[in-house]
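Every number for a ligand or one of its atoms is a count from 1 in the order of the listing.
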Amino acid sequence: MKEMIKEIEKLKKEKNAIILAHNYQRKEVQEIADFLGDSLELARKAASLSADVIIFAGVSFMAETAKILNPDKKVLLPEESAYCEMAEMVDVKELKKLREKYPDAAVVSYINTTAETKTLTDIVCTSANAVKIVESVPQNKIIFVPDKNLGTYVKKRTKKEIILYDGFCYVHHKLIMKKDIEKIREEYPDAHIMVHPETPEEIQEMADSILSTGQMIKQAGKIKEKTIIVGTEIGMVDRLKRDFPDKNFIPLTMRARCRGMKEITLESILNSLKYDRYEIVLDKEVMEKAKIPIERMLKVK
Ligand code: 13P
Ligand code: SF4
């Protein structure tokens with residue numbers, strides 16, 4: 001592994017490349033990343049880079065966002081099969097019909113969407129800023145795409161009318177269950193339970209805090225309880241343990257593993273640097289249209 005890391009470092013310098021990684025990446029991938037963050041932090045970082053090559057250790061919508069914000073740079077996703085299953089849930093025809101049905105509504109799309117979905121979007125949001133983004137648009141009616149759980153979270157925190165799309169993340173919606181949170185409460189009655197807003201409403205209601213992955217890191221040090229239960233993808237536990245070695249982080253369930261995120265390995269990153277693969281190539285018109293709602297989001301402070 002040491003040899004592989006050395007080679008990655010050498011190639012990175014030679015190619016003026018930077019590695020951006022999401023908080024759900026494998027521990028060893030997190031350790032070699034130049035920048036690690038949640039979707040919002042990664043999009044902000046991608047908008048301000050000077051490197052020639054961006055290696056994206058994450059899923060395809062994240063690498064696409066980096067490409068849209070850097071059309072002249074080479075953006076590489078180390079594994080072609082690293083994609084977010086929720087992002088693929090939007091049926092573009094259905095979204096077009098929704099827009100026609102509600103012409104006075106704003107389309108707010110979660111960043112976990114394809115570039116094509118973003119071309120039909122007024123403004124993008126992430127789990128860290130969804131309420132703020134919904135509040136920032138002039139329309140009182142919102143078509144919220146695609147995560148119904150994040151949409152429900154927003155609905156409870158705004159007076160605006162939210163039209164939900166029937167999408168979800170299988171990791172948070174299906175693999176994190178009510179019985180897991182009931183069991184862990186019994187086992188650790190003094191622990192703080194944090195969950196991601198992609199979990200179902202009943203799970204959110206049973207938790208102590210509902211946070212994006214970036215917010216989990218910001219809050220972990222402030223939480224008084226020494227034991228913190230992490231209700232999101234298991235990679236987050238490694239991230240938190242490294243930043244807060246004095247606290248005790250326990251995954252809500254070990255089932256919460258995102259296949260797409262775990263596709264990326266050190267070996268695939270090395271091959272990505274060696275062979276320039278897999279380059280993100282998007283249609284120019286799609287990139288130009290998709291950039292508008294992403295930039296609108298980045299302007300909201
Ligand atoms: P964050 O933006 O909170 O990191 O979430 C991204 C994601 O894919 C959650 O499943
Ligand atoms: Fe997509 Fe869910 Fe994986 Fe996040 S955890 S990247 S929402 S499939």
Open item on the list: Regarding ligand 1, does T126 bring an N or O atom to under 3.5 Å of one of the ligand's N or O atoms?
Closed with: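 Checking ligand 1 against T126, no N or O pair falls under 3.5 Å apart.
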
Looking only at distances, can you tell me whether any N or O atom of D38, backbone or side chain, sits closer than 3.5 Å to an N or O atom of ligand 1?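 No - when backbone and side-chain N and O of D38 are compared with those of ligand 1, no distance drops under 3.5 Å.
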
Quick one: do [X] and [Y] make a salt bridge, cutoff under 4.0 Å?
{"X": "K74", "Y": "D276", "answer": "yes"}
{"X": "K178", "Y": "E205", "answer": "no"}
{"X": "K15", "Y": "D52", "answer": "no"}
{"X": "E80", "Y": "R277", "answer": "no"}
{"X": "E85", "Y": "R259", "answer": "yes"}
{"X": "E41", "Y": "K45", "answer": "no"}

*asked:* Show me which atoms of ligand 2 lie under 4.0 Å from any heavy atom of M86.
replied: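 Those of ligand 2 that fall under 4.0 Å from M86 are 7 (S).
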
Practice item. Find all atoms of ligand 2 within a distance of less than 4.0 Å from any non-hydrogen atom belonging to E85, and give their numbers and elements. Key: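 Within the 4.0 Å cut-off of E85, ligand 2 contributes 8 (S).
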
Considering non-hydrogen atoms of the protein only, which is the closest contact for [atom], and what is the distance?
{"atom": "atom 2 (Fe) of ligand 2", "result": "C169 SG, 2.3 Å"}
{"atom": "atom 10 (O) of ligand 1", "result": "E198 OE1, 2.8 Å"}
{"atom": "atom 6 (C) of ligand 1", "result": "S39 OG, 3.3 Å"}
{"atom": "atom 3 (Fe) of ligand 2", "result": "C258 SG, 2.4 Å"}

Heavy-atom contact under 4.0 Å between H22 and ligand 1?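 The answer is yes: ligand 1 sits under 4.0 Å from a heavy atom of H22.
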
Q. Is the distance from atom 3 (Fe) of ligand 2 to some N, O or S atom of C84 under 2.8 Å?
A.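 Looking at C84, which is the residue asked about, there is no N, O or S atom under 2.8 Å from atom 3 (Fe) of ligand 2.
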
Worksheet item: Would a distance-only check, ignoring hydrogens and angles, find a side-chain to backbone donor-acceptor pair under 3.5 Å from K226 to D246?
Response: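 Yes.
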
Do any N or O atoms from the side chain of K262 and from the backbone of Y24 form a donor-acceptor pair under 3.5 angstrom?
->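 Yes; judged by distance alone, with no hydrogens or angles, the pair exists.
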
Set out, in order, the CA-CA distance, both residues' side-chain angles and the distance that settles side-chain hydrogen bond (donor to acceptor under 3.5 Å, both in side chains) for N149 and H172, then state yes or no. CA-CA 9 Å; N149 292 326; H172 292 86; over 6 Å; no

Pair E135-T158, side-chain donor/acceptor within less than 3.5 Å |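 A pair is found: one side chain offers a donor N or O, the other an acceptor, under 3.5 Å apart.
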
Is Y24 close enough to touch ligand 2? Criterion: a residue heavy atom under 4.0 Å from a ligand atom.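 Contact check Y24 vs ligand 2: positive.
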
**Asked** Hey, is S127 touching ligand 1 through its side chain, its backbone, both or neither, going by heavy atoms under 4.0 Å?
**Response**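 It is the side chain that gets close, since no backbone atom is under 4.0 Å.
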
Worksheet item: Between E233 and ligand 2, which part of the residue brings a heavy atom under 4.0 Å of the ligand: side chain, backbone, both or neither?
Response: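 Near ligand 2, E233 shows nothing, with every heavy atom at 4.0 Å or more.
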
| said: Using a 4.0 Å heavy-atom cut-off, which part of R259 comes near ligand 2: side chain, backbone, both, or neither? | reply: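 Looking at R259 and ligand 2, no heavy atom falls under 4.0 Å.
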
[X]: numbered ligand 1 atoms lying under 4.0 Å from its heavy atoms:
{"X": "H172", "value": "10 (O)"}
{"X": "S212", "value": "3 (O)"}
{"X": "N112", "value": "7 (C), 8 (O)"}
{"X": "H196", "value": "1 (P), 3 (O), 5 (O), 9 (C)"}

#### Entry: D38 vs T213, side-chain hydrogen bond (donor to acceptor under 3.5 Å, both in side chains): CA-CA, chis, key distance, verdict
CA-CA 6 Å; D38 72 2; T213 66; 4.7 Å; no

